[in-house]
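Numbered from 1 within each chain, the chains take letters A, B, ... in sequence-line order.
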Amino acid sequence: MAAKKKRVATIQVPTAPARPGDKPKFAAWTHQPGDLSRPDPLTCTAADTTDHAHGLVRVLDDDAKASGPWNPDLSPDELRTGLEHMVRMRIFDDRMMKMQRTGKLSFYMRSLGEECVAVAQTMALETQDWIFPTYRQPAAQFVRGRDMVSMICHCIGNEKDNILGRQMPVHYSYRTGRYISVSSPVATQFSQAVGVAMASQYKGLDECCITWIGDGASAEGDYHYALNFASVFKPPVILNIVNNQWAISTHANLASGSSNFAARGLSYDVPSIRVDGNDFLALYSVTKWARERAASGAGATHIEVLTYRAGAHSSSDDPSKYRPKDEDEVWPGGDPIERLKAHLISIGKWSEEQQNELEEGIDSEVMAAYKEAVKFGDLANGPYPSSDSIFTEVYEDIPWHLQEQWDEMKRLRGE
Amino acid sequence: MAAKKKRVATIQVPTAPARPGDKPKFAAWTHQPGDLSRPDPLTCTAADTTDHAHGLVRVLDDDAKASGPWNPDLSPDELRTGLEHMVRMRIFDDRMMKMQRTGKLSFYMRSLGEECVAVAQTMALETQDWIFPTYRQPAAQFVRGRDMVSMICHCIGNEKDNILGRQMPVHYSYRTGRYISVSSPVATQFSQAVGVAMASQYKGLDECCITWIGDGASAEGDYHYALNFASVFKPPVILNIVNNQWAISTHANLASGSSNFAARGLSYDVPSIRVDGNDFLALYSVTKWARERAASGAGATHIEVLTYRAGAHSSSDDPSKYRPKDEDEVWPGGDPIERLKAHLISIGKWSEEQQNELEEGIDSEVMAAYKEAVKFGDLANGPYPSSDSIFTEVYEDIPWHLQEQWDEMKRLRGE
Amino acid sequence: MAEMNIVKAVNSALDNMLEKDENVLFFGQDAGYFGGVFGTSEGLQNKFGSHRVFDTPLSEGGIAAIAFGMGINGLRPVAEIQFADYIFPAYDQIVNEIAKVRHRSGGEFWCPVTFRTPAGGGIRGGHHHSQSPESQFTHTPGLKVVYASTPYNAKGLLIAAIECNDPVIVLEPKRCYRGPFYGDPHNVPTWKDHPEAQVPESHYTVEIGKARLALEGNECTVIAWGAMVHVAQAAIRESGISCDLIDLQSLVPWDKEAIEASIEKTGRCVIVHEAPKTSGFGAEMAASIQERCFWSLEAPVNRVTGWDTPFPHTTEWDYMPSPARIAEAIHKTMEE
Amino acid sequence: MAEMNIVKAVNSALDNMLEKDENVLFFGQDAGYFGGVFGTSEGLQNKFGSHRVFDTPLSEGGIAAIAFGMGINGLRPVAEIQFADYIFPAYDQIVNEIAKVRHRSGGEFWCPVTFRTPAGGGIRGGHHHSQSPESQFTHTPGLKVVYASTPYNAKGLLIAAIECNDPVIVLEPKRCYRGPFYGDPHNVPTWKDHPEAQVPESHYTVEIGKARLALEGNECTVIAWGAMVHVAQAAIRESGISCDLIDLQSLVPWDKEAIEASIEKTGRCVIVHEAPKTSGFGAEMAASIQERCFWSLEAPVNRVTGWDTPFPHTTEWDYMPSPARIAEAIHKTMEE
Ligand SMILES: Cc1ncc(C[n+]2csc(CCOP(=O)(O)OP(=O)(O)O)c2C)c(N)n1
Ligand SMILES: Cc1ncc(C[n+]2csc(CCOP(=O)(O)OP(=O)(O)O)c2C)c(N)n1
Ligand SMILES: [Mg+2]
Ligand SMILES: [Mg+2]
């Protein structure tokens, strides 16, 4: 029936801009601080953010100078706190990664190059706001004051892991800090966060919920559910796509045929902004703006956080197998820590010496926490949470069939 | 922790523009034929269709005069064929609906007010193109020459139903006409159609696949999958949202926080057009344009077909329970049959007498087909497909466990 | 006490709970203004407001996701899935997320959501308006699964589910919404005068985990749930055998005491369900019964189920277990 | 003939089929350029081109949907789901659509798609990188379900699945990708010198529907699939009981002759699987065995399974059936 036809290609599959052996390709950034206005968060419509969704909100320029309407005018103390948390995350990650290599952890995922995301965004919120993270926003816990020992105990799956060794490392749960349990299936939290926010809205509380999704994960149905339900019910939710350009080995050009993720929100009638994700000030400021919208009842905000996954996806992969080794150096967004540090130094509120001191201090802090944590066991050597933890909290109460199985396990354990 | 806060509303739930007892509310159309250019289909980018996605492509104006760059300049014969198929669909639907009330069918769904969609769009395609319909595009089968008797045999679930009474009425399958089996779960066909098109593309054939989804169903994940995969792999697929403004009792403002469905495609980088779905010429022309894109390897097109569901959702509901009775009369898009008829008369190629003759002819055709079909049984009286049909075609061959069960059924039947 | 059909009983359960607990919300497709395609929530939006009873977009995955979020943030969401066949787009949210969140978070977060959904065949719904997907949920630790059969347990189980701090799937036999169904499509009684249609208008529960002895006998145990309870009842009458008829009501957890006591008494068992045989919940029941009561069994546990095929439209009466088929199985079980 | 581990055997199956049939395409997340997170498709994109072996967006639902479309339009798509735990977003497309399209269309359309996916625990994957969801597919008429255990059957079953005109779910025991697993995490052998690691480099099939007798004995029948075949083997050795060990390989349809013959010989049966007990496929096996072989059984059919809880991370060795637990069940079965 159908005639054969000359076609240039059969199935068209986008190739990554650069693979090992290629020269990294990045379009140079033309966006500068001051390019984009800061609309009134309370009255702003999706259409009012068209330029913001297609542009890039920046505050720090290439020389680490802050300017423009999005400059949040943070105090040096606040900036130093942000810097400190980012550095803490990086050093913590380094230590955990080393420990993973020695078998003390089964697995690990770093935030390398993206530390700013969780730190700046959490700092821009109120303490009562809910945080619904992926595995790349553990730093939010530092902002919320979580004890590092308990974080390590989780990662090394020991006796004191507050989730009792039930999930892989980096799947933190920290209710006191309103940091909601991480789960492995990607994207699910994005739509769930809308429900969290609807509950806050229903109860009439001054709370919002912030959540994140990866560029890759945005291809799941949950992304669509989240935007659509948020658009219909207008709950106080902040929906961030962290476009770090890679989903394991797959470049973002396979996550979407469009290179812009922010603009998707516009088509759901949700105000949408694209922001330099390694610019602490810009990200803080945009998040604060979204929080103002949430607090006022204006509804959701959609934010594309543009950054770069500087490390491997996880401890299980070697990125030199699928992308040029030097990509992270060439990437125009730089390093969030270096950029905030340079800014602080340029305004005379920080120095290389202070930075060294900070790093050394945190290094000791992490080492001390680590030493404390391993006292309660680690994955290589135990002790682990008791295997009783298998049966508890599956349901509120233990139904008879679980009780029978638990008894059987105890019997097998020789009890 | 969280402070109580005055809020105007708790959960914000959009209300339908008008409910029973209210005056119907429709924004008057400002769009006119000639408003929108016809871009070159082969080189057109998504951005080039921004105006088309936010506007409304029309060819017939309110006086049924055709004009503008989208005028497909169809011959009077072609227009009459289109008119004929639409009238056929309407009369067919009326007959089936009556029969449903007498129990000859278990259930029925009309295309009332939307007959143009399947007719104009299918006519704009080549015969080798795949049609992946919902339950509201059965008219495509008329265009593809399906024998009406066999369609009725399906609906009344008799012995000659080509799908052997396995699915509800209106779930046609017509392989000869490349009309793919309808299935009840909404939205699934939308993403599947992308795969159909990828296969055509892979084989290098000059084929495309057209599919539809409802305004309501576009909230499912499959909508997102379809647009995203189409955007990434650029297969020859035509993705239509039929915005008939209702999903059973739910207004389109609950399907999306945005009143525009077309523009969503832009954010996937897929050229997108909003078209007057009751304007035969406009819809034909836009579809032809999309087909040219598909044939050239330019990839997918996303089309919002704006129309109005003039009847009940199905034989199971009474729309006067959830929307104003006279909404369909006030709706600015009119009736697709009346509009095409008026156009043909206005150009001197048709008359009221011819229309009467046509309707009478089709009436007899439908009655004759109906009489022929019921010879093979109907749902009220049988004979039905043999219950053996339960076991066949579950798999290509019958596995042992099905054979055992089949044998048991035969034994129970007394064989 | 009032005479109610299942539609009314479900409505009454929702009404009681919306009244009693301001953390209860009810939502679903067409469930708000219209009151649901089966009318189960008629009048509730008017009574409680559209912030408590509302329509949602047509997205089961989204519905489950917001239910998750509301649940962990202190509400008791009750979500309607319009037909049980359409619960599958929400399957990931239910089995990977909702079911596991209490455990995965070390008890820090939990999700007391109830899904209620019309299930089962008998209304000429064909492939996708007829399925009974219970066993596709019983394999998931963290979920409870119940299946109503009468106005009385439809209301009592639904209230128990809403009050339960675990997620519960509540299946309602749509074939029985307006009357019990004894397997004869030509004889369609209403719930009028049926003892199980006497339903308190106020709050009560039917305990999750407990079965109901629908008929008492001593020669054979028949276990059924949903619409099949009534068909089995007709079959038992037809068979002339003295049977315990156990309306399971609760599948996870199921009522060990009731089942074991009956099997120990009768030594024989027939299980009836509408869903396909292979890996239906009847498999779990049969496996468990032979594990637990092997030495009491005088015959193999027999299953009478839907065939291992998709659910048909015109021939659905040949698909679903009929009284004759069940009666025959009872006889066969007696003869071994 | 070459010595292969399962990764290599899967790769070889894909290689053979891509070579043999130009209608075969292979795709999935990270499955193209990178060759899959477990390396099962390494080298294939280079060899066959990115129009035949390619990466997809991170959307299991979308992957299943395009597989459906390609399948009904004449191709033989093979889709990888990166972990079996992530198949659930595609559940609706698989159980409501792919499984039913042949039947629903009166045979006009059918969908010869293969899903292959790494399943099971033992790699410290926690809740969502460890599940064995086989029974969540065995309840769906229209699907075939197979579970590999060795390099030889991993390749042969995969080729059979790709050539099958029905949709097939192929589960691969990720724990055994690089070596059989005998239940001792501290002793991790490779496939070196294992007889089932001798794999032809060219095309062959392992018939869907046929089990493999992994050990022959006469006192008890042990039925297992996936990684549990090897654990059961260790257990049998430990038990000192002479057992038939049946590697089921194919769950739908399962090998009636092999099972019945063995049970009739031994009169005793233990079933082992990793998935939770309730409504696991062991329930179907036990129910069917007592139905079909009741008079041969000298003891109840016993199930040794994962507990009815989510899959844990640090304590996974306490979750999965261990040789000791299985051996104990064999002894218990012998003693009744
Ligand atoms: C539903 C689901 N499918 C697949 C995976 C396996 N997986 C884990 S992370 C990942 C890539 C995620 O990429 P992205 O969303 O961009 O987030 P990033 O890792 O870059 O932060 C994949 C495929 C998963 N966890 N969940
Ligand atoms: C997955 C799924 N959920 C729910 C339904 C029940 N249902 C059938 S049609 C329909 C409304 C569809 O509305 P829309 O998509 O706007 O299409 P229309 O009927 O207006 O053509 C619903 C909710 C279904 N068929 N499938
Ligand atoms: Mg990423
Ligand atoms: Mg509609």
For chain C, which residues of residues 120-133 of chain D have heavy atoms nearer than 4.5 angstrom: D/His127, D/His128, D/Gln131, D/Ser132
Derivation of the side-chain contact (heavy atoms from CB on, under 4.5 Å) call for C/Trp254 and C/Ile259: CA-CA 9 Å; C/Trp254 53 274; C/Ile259 301 286; 3.9 Å; yes
Residues 84-97 of chain D: residues contacting chain C (heavy atom under 4.5 Å, by number): D/Asp85, D/Phe88, D/Pro89, D/Tyr91, D/Asp92, D/Val95, D/Asn96
Region of C/Glu134 in contact with chain D, defined by heavy-atom distances below 4.5 Å: neither
Toward chain C, the part of D/Leu297 with a non-hydrogen atom under 4.5 Å: both
Charged N-O contact under 4.0 Å between C/Lys265 and C/Glu260: no
Stepwise side-chain hydrogen bond (donor to acceptor under 3.5 Å, both in side chains) test for D/Glu60 and D/Gln29: CA-CA 9 Å; D/Glu60 294 78 11; D/Gln29 296 156 18; 2.9 Å; yes
Geometric cation-pi criterion D/Arg325 and D/Trp307, 6.0 Å radius, 45° cone: yes
Residue among C/Ser279, C/Ala99, C/Ser288 with most heavy-atom pairs under 4.5 Å to chain D: C/Ser279
Ionic contact status for C/Glu219 with C/Arg268, cut-off 4.0 Å: no
Heavy-atom side-chain contact between D/Lys144 and D/Ser250 under 4.5 Å: no
Residue pair C/Ile169, C/Val146: steps toward the side-chain contact (heavy atoms from CB on, under 4.5 Å) verdict: CA-CA 6 Å; C/Ile169 312 279; C/Val146 303; over 6 Å; no
Leading residue by heavy atom contact count with chain D [cutoff under 4.5 Å; candidates C/Gln136, C/Met285, C/His313, C/Arg104]: C/Gln136
Partners meeting side-chain hydrogen bond (donor to acceptor under 3.5 Å, both in side chains) with C/Thr278 (sequence neighbours left out): C/Asp308
Euclidean distance, D/Leu251 CG relative to D/Trp225 CH2, rounded to 0.5 Å: 5.5 Å
N-O pairing of D/Arg292 and D/Glu264 below 4.0 Å: no
Region of C/Trp295 in contact with chain D, defined by heavy-atom distances below 4.5 Å: side chain
By side-chain hydrogen bond (donor to acceptor under 3.5 Å, both in side chains) - contacts of D/Thr333 (at least two apart): D/Asn302
Check: D/Gln290 side chain, D/Ala287 main-chain N or O, donor-acceptor pair, under 3.5 Å: yes
Pairs of heavy atoms under 4.5 Å with chain D: top-ranked of C/Ala283, C/Pro141, C/Pro300: C/Pro300
